[in-house]
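Note that these values count all heavy atoms, side chains included, but never hydrogens, waters or copies made by symmetry.
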Amino acid sequence: MDKANNQDLRSKIAFVVQHIPGGALLFAVFTLIVLGYFGWYYYGAEHLDQALYSLRLEKLSVTPQPDWIKTKVADEVYRNGRLDRISLLDPRATASIAQAFETHHWVRTTSRVSKSVGEKVAVDLIYRRPVAMIYVEKQSNDPQTGDVQAGFFPIDNEGTMLPTGDFTKDDVRKYFIIYAQNAHPAGDIGLPYGDVRIMEALSLCEFLEKYREPYGLEVIEIHQDNLTSGPSPWSLSAFTRDKRREIIWGHAPRLENSGELPADEKLKRLLAWLAQPLPTDTNEIQTIDLRHSGSMTPVSARGR
């Protein structure tokens with residue numbers, strides 16, 4: 001019965017439209033208006049809003065990059081984060097922009113995102129700062145050749161891996177070089193290196209960083225200390241760039257064993273020793289042991 005009624009109603013509407021002058025045209029116009037309204041409401045307004053108020057690259061400014069970053073961070077984030085799809089009228093726009101920048105491997109954090117007149121956006125960034133290069137040896141995939149490939153992985157002060165493509169061979173010696181047996185990374189670019197030994201060596205790199213260039217400090221070596229029962233089983237040594245001085249540091253700062261000199265006292269004695277001129281009548285390596293309390297361990301010398 002209902003089906004018959006519906007068919008009858010449609011027939012009546014069709015009859016009325018056919019007998020009203022211009023009825024078919026009015027019906028078509030009415031249909032277009034309705035469809036146009038809903039199309040605009042659900043689709044057109046959003047795209048017009050995006051076209052007029054979307055973030056443009058030329059309107060985006062960021063904190064000036066330090067010299068060690070070779071890539072254009074803003075360009076990469078704008079492209080990879082699809083920031084052109086963000087409407088500045090969206091109340092979540094600043095949060096979305098901040099989140100996009102924090103996914104970049106050179107960005108440690110986004111401290112502020114601010115909008116201003118003219119659809120301009122300023123992003124205050126704290127960039128990652130390289131502190132050390134980790135020396136890694138990798139066995140060739142061909143076991144018959146036995147070839148070993150050696151290279152360096154840059155890390156920042158938090159142990160985060162940085163892109164190797166942003167560094168040249170000459171850049172390696174601008175930072176501390178860390179040597180540890182089988183120190184292969186557990187993560188990828190932008191992720192933690194994943195080795196507790198590296199983090200301990202990195203704490204010493206940070207502690208000595210401002211003295212690295214003035215005193216020619218370069219290499220940090222990590223050794224297992226089998227005689228200790230303290231907070232760490234790893235002992236650290238350092239070498240100058242010319243390999244003429246060896247510093248037996250001991251455990252990382254704040255991880256000293258009972259009876260071991262604190263880092264500040266070690267540093268004071270180290271700087272006094274480094275200020276002394278090297279002997280000119282020998283090329284032997286000069287060594288200082290900073291681990292012990294009491295009087296400073298005498299400096300020794302050994303053949304190179």
For V131 and I155, what are the C-alpha separation, side-chain angles and deciding distance, and is it a side chain to side chain contact (heavy atoms under 4.5 Å, CB included)? CA-CA 6 Å; V131 172; I155 57 174; 5.8 Å; no

Quick one: do L217 and L274 satisfy side chain to side chain contact (heavy atoms under 4.5 Å, CB included)? Show the steps, please. CA-CA 10 Å; L217 300 174; L274 290 173; 4.2 Å; yes

Side chain to side chain contact (heavy atoms under 4.5 Å, CB included) between L125 and F101, intermediate numbers included: CA-CA 8 Å; L125 301 173; F101 271 94; 3.8 Å; yes

I288 and I248: CA distance, side-chain angles, deciding distance, side chain to side chain contact (heavy atoms under 4.5 Å, CB included) verdict: CA-CA 6 Å; I288 185 172; I248 302 175; over 6 Å; no

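At most 12 non-hydrogen atoms from other residues, nucleotides or ligands lie less than 6.0 angstrom from CD of Q99. The number of heavy-atom neighbours closer than 6.0 Å to CD of E58, taken from other residues, nucleotides and ligands shown, is above 12.
Residues I222 and A201 share a closest heavy-atom pair of CD1-CB, 3.7 Å. Smallest separation of non-hydrogen atoms from R197 and A183: NH2-CA, 3.6 Å. Across all non-hydrogen atoms, the minimal contact from G250 to E260 is CA-OE2, 3.5 Å. What you find for P231 and N257 is that their closest heavy atoms are CD-OD1, 3.4 Å. Between W273 and Q286, the shortest heavy-atom contact is CH2-O, 3.5 Å. Residue L88 comes nearest to K115 through the heavy atom pair O-NZ, 2.8 Å, listed as atom of the first residue, atom of the second, then distance.
Going from atom CG of L204 over to atom CG of L255 covers 11.0 Å, rounded to the nearest 0.5 Å. Note that NE2 of H105 and CE of M161 are 11.5 Å apart. Values are rounded to the nearest 0.5 Å. Distance check, rounded to the nearest 0.5 Å: CZ of R79 to CG of D84 gives 11.5 Å. Atoms CD1 and OG, on I198 and S203 in that order, are 11.0 Å from each other to the nearest 0.5 Å. Distance check, rounded to the nearest 0.5 Å: SG of C205 to CE of M199 gives 10.5 Å. The CG atom of L261 sits 10.5 Å away from atom NZ of K268, with the distance rounded to the nearest 0.5 Å.
Here R244 does not pair with D242 in a salt bridge; the nearest charged N to carboxylate O distance is not below 4.0 Å. Under a 4.0 Å N-O distance rule, the pair E158/R108 qualifies as a salt bridge.
No side-chain N or O of E246 forms a donor-acceptor pair with one of S237 less than 3.5 Å apart.
Counting heavy atoms from C-beta outward, I134 and Y179 have side chains that stay 4.5 Å or more apart. Inter-residue side-chain proximity for S54 and I86 is flagged as unmet; no heavy-atom pair is nearer than 4.5 Å. Between Y193 and T160, every side-chain heavy-atom pair lies at or beyond the 4.5 Å cut-off. Residues Y215 and L271 are in side-chain contact: their nearest non-hydrogen atoms beyond the backbone lie under 4.5 Å apart. Side-chain contact between I178 and V219 is absent, with no heavy-atom pair separated by less than 4.5 Å. Side chains of F176 and L208 form a contact here, defined as non-hydrogen atoms less than 4.5 Å apart. For the pair W249 and K266, the minimum side-chain heavy-atom distance is below 4.5 Å. Considering only heavy atoms from C-beta on, Y127 comes within 4.5 Å of V62 through its side chain.
Taken together through direct or relayed side-chain contacts under 4.5 Å among Ile, Leu, Val, Met, Phe, Trp and Tyr, V77 and I69 form part of one hydrophobic cluster. Cluster annotation: L191 is not connected to L202 through the hydrophobic network of ILVMFWY side chains, with a link wherever side-chain heavy atoms come within less than 4.5 Å. Both V196 and I220 are part of a single hydrophobic cluster, where members link through side-chain heavy atoms under 4.5 Å apart. Grouping the Ile, Leu, Val, Met, Phe, Trp and Tyr side chains by contacts below 4.5 angstrom, directly or via other members, places I126 apart from V113.
Under the rule for a side-chain contact (heavy atoms from CB on, under 4.5 Å), the partners of P130 that lie at least two apart in sequence or sit in another chain are W68, W106, L162, F167, Y175. Residues passing the side-chain hydrogen bond (donor to acceptor under 3.5 Å, both in side chains) test with H104 are E76, sequence neighbours excluded. With sequence neighbours left out, the side-chain contact (heavy atoms from CB on, under 4.5 Å) criterion links S235 to D225. In this view, A95 satisfies the side-chain contact (heavy atoms from CB on, under 4.5 Å) rule with no residue, not counting sequence neighbours. The salt bridge (Lys or Arg N to Asp or Glu O under 4.0 Å) search around R112 returns D124, not counting sequence neighbours. Q65 meets the side-chain hydrogen bond (donor to acceptor under 3.5 Å, both in side chains) test with no other residue; sequence neighbours excluded. Applying the side-chain contact (heavy atoms from CB on, under 4.5 Å) rule to S61 yields the partners A122; only residues at least two apart in sequence or on another chain are considered. Remark: D166 pairs with no residue by the salt bridge (Lys or Arg N to Asp or Glu O under 4.0 Å) rule, at least two apart or across chains. Every residue two or more places apart in sequence or in another chain was checked for a side-chain hydrogen bond (donor to acceptor under 3.5 Å, both in side chains) with R245, and none qualifies.
Annotation: salt bridge (Lys or Arg N to Asp or Glu O under 4.0 Å) contacts involving residues 208-224, sequence neighbours excluded, comprise R129-E209, R173-E218, E213-R241, E218-R241, E218-K243. For residues 62-75, the salt bridge (Lys or Arg N to Asp or Glu O under 4.0 Å) pairs, not counting sequence neighbours, are K70-D171. Listed by first and then second residue, the salt bridge (Lys or Arg N to Asp or Glu O under 4.0 Å) pairs involving residues 248-259 amount to none (not counting sequence neighbours).
Without hydrogens or angle criteria, S232 side chain to W234 main chain gives a donor-acceptor distance under 3.5 Å. Side-chain N or O atoms of T109 include none that pairs as donor or acceptor with a backbone N or O of S111 at under 3.5 Å.
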